[in-house]
2 protein chains.
Amino acid sequence: MGSTSTAAPAAAPGLRERKKQRTRDALVDAAHRLFLSQGYARTTVDEIAAAVDVSQRTFFRYFANKEEAALAILADAEEYFIERLADRPPEEPPLLALRIAVCAAWRDLSTEDYQQGSRGVGAALELLRLIESTPSLLAAQLRRSAEQEQRVAAILAARQGVDAVQDPRPRLLAAVFGAAVRTAHLAWSTAGDRQREEGPEGMIAVIEAQLDHLGPALVAGHWSSDTGH
Amino acid sequence: MGSTSTAAPAAAPGLRERKKQRTRDALVDAAHRLFLSQGYARTTVDEIAAAVDVSQRTFFRYFANKEEAALAILADAEEYFIERLADRPPEEPPLLALRIAVCAAWRDLSTEDYQQGSRGVGAALELLRLIESTPSLLAAQLRRSAEQEQRVAAILAARQGVDAVQDPRPRLLAAVFGAAVRTAHLAWSTAGDRQREEGPEGMIAVIEAQLDHLGPALVAGHWSSDTGH
DNA sequence: AGGTTCGCTGTCAGCCACTGTCATAATTTT
DNA sequence: AAAATTATGACAGTGGCTGACAGCGAACCT
């Protein structure tokens with residue numbers, strides 16, 4: 001480190017950009033802490049900005065709205081999940097690839113150096129509970145999930161070599177997978193603190209259980225057969 | 001109709017309540033018309049209230065927020081769907097019951113006297129497009145769908161005689177079904193106007209196609225088999 | 001090293017969604 | 001007809017969010 005010229009392949013961070021990253025992290029941390037301690041609605045944007053000693057205007061240059069600051073951590077995690085999914089070999093069955101990617105994401109993000117600040121597994125649990133109990137946040141989170149599903153569908157379509165707009169199966173599979181993960185989130189965040197002590201393995205177990213239920217649930221639903229309208 | 005005494009089993013409407021219903025309908029219609037003509041964001045609540053000649057404060061006594069007014073029609077439709085689902089006999093396979101209920105809802109709401117005002121099939125199409133292109137509305141709609149899924153899950157659990165909190169399958173099936181319907185909405189609203197001319201049958205066909213794809217999509221996803229972690 | 005350019009930030013002003021409060025008018029009840 | 005209930009309007013205030021402009025410091029060029 002410390003090369004004077006501009007040669008690094010991964011683009012030198014630059015003092016300016018490092019400061020920006022630090023400001024953003026500080027805002028996310030402050031928002032997270034305030035939301036958890038006094039609630040989402042009772043925390044004003046001015047408070048968050050003041051805690052980091054920037055103006056309210058600057059807050060909105062980092063986040064489009066208050067919700068985005070609250071969901072920033074989840075957004076980063078989902079970004080990581082997308083990368084892991086893209087890593088999987090195309091020969092792998094789609095649902096298996098999804099399963100491995102989501103488990104890898106949870107494991108990595110819990111053990112790696114992402115632990116600092118408000119980015120641990122315990123914090124994730126409290127965040128999920130906060131989201132579930134705050135209508136405005138839940139709405140924003142579901143919208144983000146919908147966008148995420150579009151991206152997943154595109155990746156699946158590319159893997160299988162089918163057209164993403166013509167063939168509805170990638171979208172449907174992505175939606176089903178998203179539903180399973182969301183159901184797992186809900187089950188995990190309401191399951192009491194016993195699960196919490198198990199760390200990421202607890203969450204992974206719940207997700208896998210949901211995925212295992214997919215088949216039986218649909219079979220029990222007798223989805224086939226003619227309806228006769 | 002026109003009985004003078006208070007004898008009707010379904011509780012006499014009363015002058016007050018009829019007026020309230022008319023105000024609400026007028027607000028929904030005005031909001032719908034303004035949203036479609038000038039866009040959601042460019043329409044202020046004051047405009048909507050002024051169009052019906054009530055105060056802004058009154059608007060917020062009918063709707064918790066601007067989104068709720070936009071989604072009121074969908075909310076009524078989903079209410080009707082829930083009723084149809086509750087009508088289905090418990091012996092019926094769950095997914096078949098869901099399928100019949102959603103098709104019946106679309107058919108009934110298109111042919112019945114619900115056609116007045118902005119409650120036709122054509123209006124539904126434009127509304128779905130508006131929602132899909134307005135982040136704020138999409139978020140609110142997805143949150144409503146999530147609540148709806150909880151209700152559906154409860155009904156399914158009761159039908160099958162299982163515990164709604166212990167057994168995750170009703171929730172999962174409800175989520176999967178919701179995903180299929182949402183995917184169908186998206187496909188229908190972006191399918192061009194050819195579908196629109198087919199009336200409700202076009203929409204129903206798309207939904208049924210999505211449901212038919214559920215099985216193959218999951219089978220192609222190789223959901224079973226051990227992953228080995 | 002010097003000056004220039006560019007991008008981040010703060011300040012100010014303003015719109016609009018949304019809420020609490022109280023007075024008033026209309027409806028229902030007795 | 002009087003009293004209790006309830007919808008509505010008028011008003012004021014909070015807070016999320018945006019546009020415009022100016023200042024300052026990093027980055028880039030010579």
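Quick note on labels: first sequence line is chain A, next is B, and so on, each numbered from 1. All of these numbers come straight from a predicted model, not from anything done at the bench.
Put simply, CG on A:Asp53 is 13 Å from P on C:dT9, counting in whole angstrom units. Whole-Å rounding puts the A:Glu67 CD to D:dC17 C1' distance at 11 Å. The distance between atom CG of A:Asn65 and atom P of D:dT18, rounded to the nearest whole Å, is 8 Å. Rounded to whole Å, atom P of D:dA7 lies 12 Å from atom NZ of B:Lys19. Rounded to an integer number of Å, the gap from CD of B:Gln56 to C1' of C:dT19 is 10 Å. The nearest whole Å value for the distance from the CG atom in A:Leu137 to the P atom in D:dG16 is 13 Å. Here C:dG7 presents its P atom at 10 Å from NZ of A:Lys20, a figure rounded to the nearest Å. Regarding A:Arg18, its CZ atom lies at a distance of 17 Å from the C1' atom of C:dG7, rounded to whole Å.
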Pairs under 3.5 angstrom only: tabulate donor-acceptor contacts from the side chains of residues 49-56 of chain B to other protein residues two or more places apart or in another chain.
| residue | atom | partner | partner atom | Å |
| --- | --- | --- | --- | --- |
| B:Ser55 | OG | B:Thr58 | N | 3.3 |
| B:Ser55 | OG | B:Thr58 | OG1 | 3.2 |

Donor-acceptor pairs under 3.5 angstrom involving side-chain atoms of residues 130-138 of chain B: please list them, not counting sequence neighbours.
| residue | atom | partner | partner atom | Å |
| --- | --- | --- | --- | --- |
| B:Ser133 | OG | B:Arg129 | O | 3.0 |
| B:Ser133 | OG | B:Leu130 | O | 3.1 |
| B:Thr134 | OG1 | B:Leu130 | O | 2.7 |
| B:Ser136 | OG | B:Glu67 | OE2 | 2.9 |

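Proximity of B:Tyr62 to the phosphate of D:dA7: no side-chain N or O atom is located under 4.0 Å from OP1 or OP2.
Counting only heavy atoms from C-beta on, A:Asp46 has its side chain closest to D:dG16 among C:dC8, D:dG9, D:dG16. You'll find that the side chain of B:Arg61 is closest to C:dT21, out of D:dG16, C:dC18, C:dT21. Proximity note for A:Phe60 (side chain, C-beta onward) versus D:dG9, C:dC16, D:dG16: the nearest is D:dG16. Distances from the side chain of B:Arg16 to the nucleotides D:dA7, C:dG20, C:dC18 place D:dA7 closest. For A:Lys66, taking side-chain heavy atoms from C-beta onward, the closest of the listed nucleotides C:dT9, D:dC17, C:dA17 is D:dC17.
Using a 4.0 Å heavy-atom criterion, one finds that A:Thr43 contacts the sugar-phosphate atoms exclusively.
With a 6.0 Å cutoff to the six-membered ring centre and a 45° limit on the axis angle, B:Arg33 does not count as a cation-pi contact of B:Phe35.
Between A:Leu27 and A:Ile48, the shortest heavy-atom contact is O-CG2, 3.9 Å. The shortest non-hydrogen separation linking A:Ile82 to A:Gln148 is CG1-NE2, 3.1 Å.
Each of A:Arg57 and A:Tyr40 has a nearest nucleotide on DNA chain D; the 5'-most of these lies closest to A:Tyr40.
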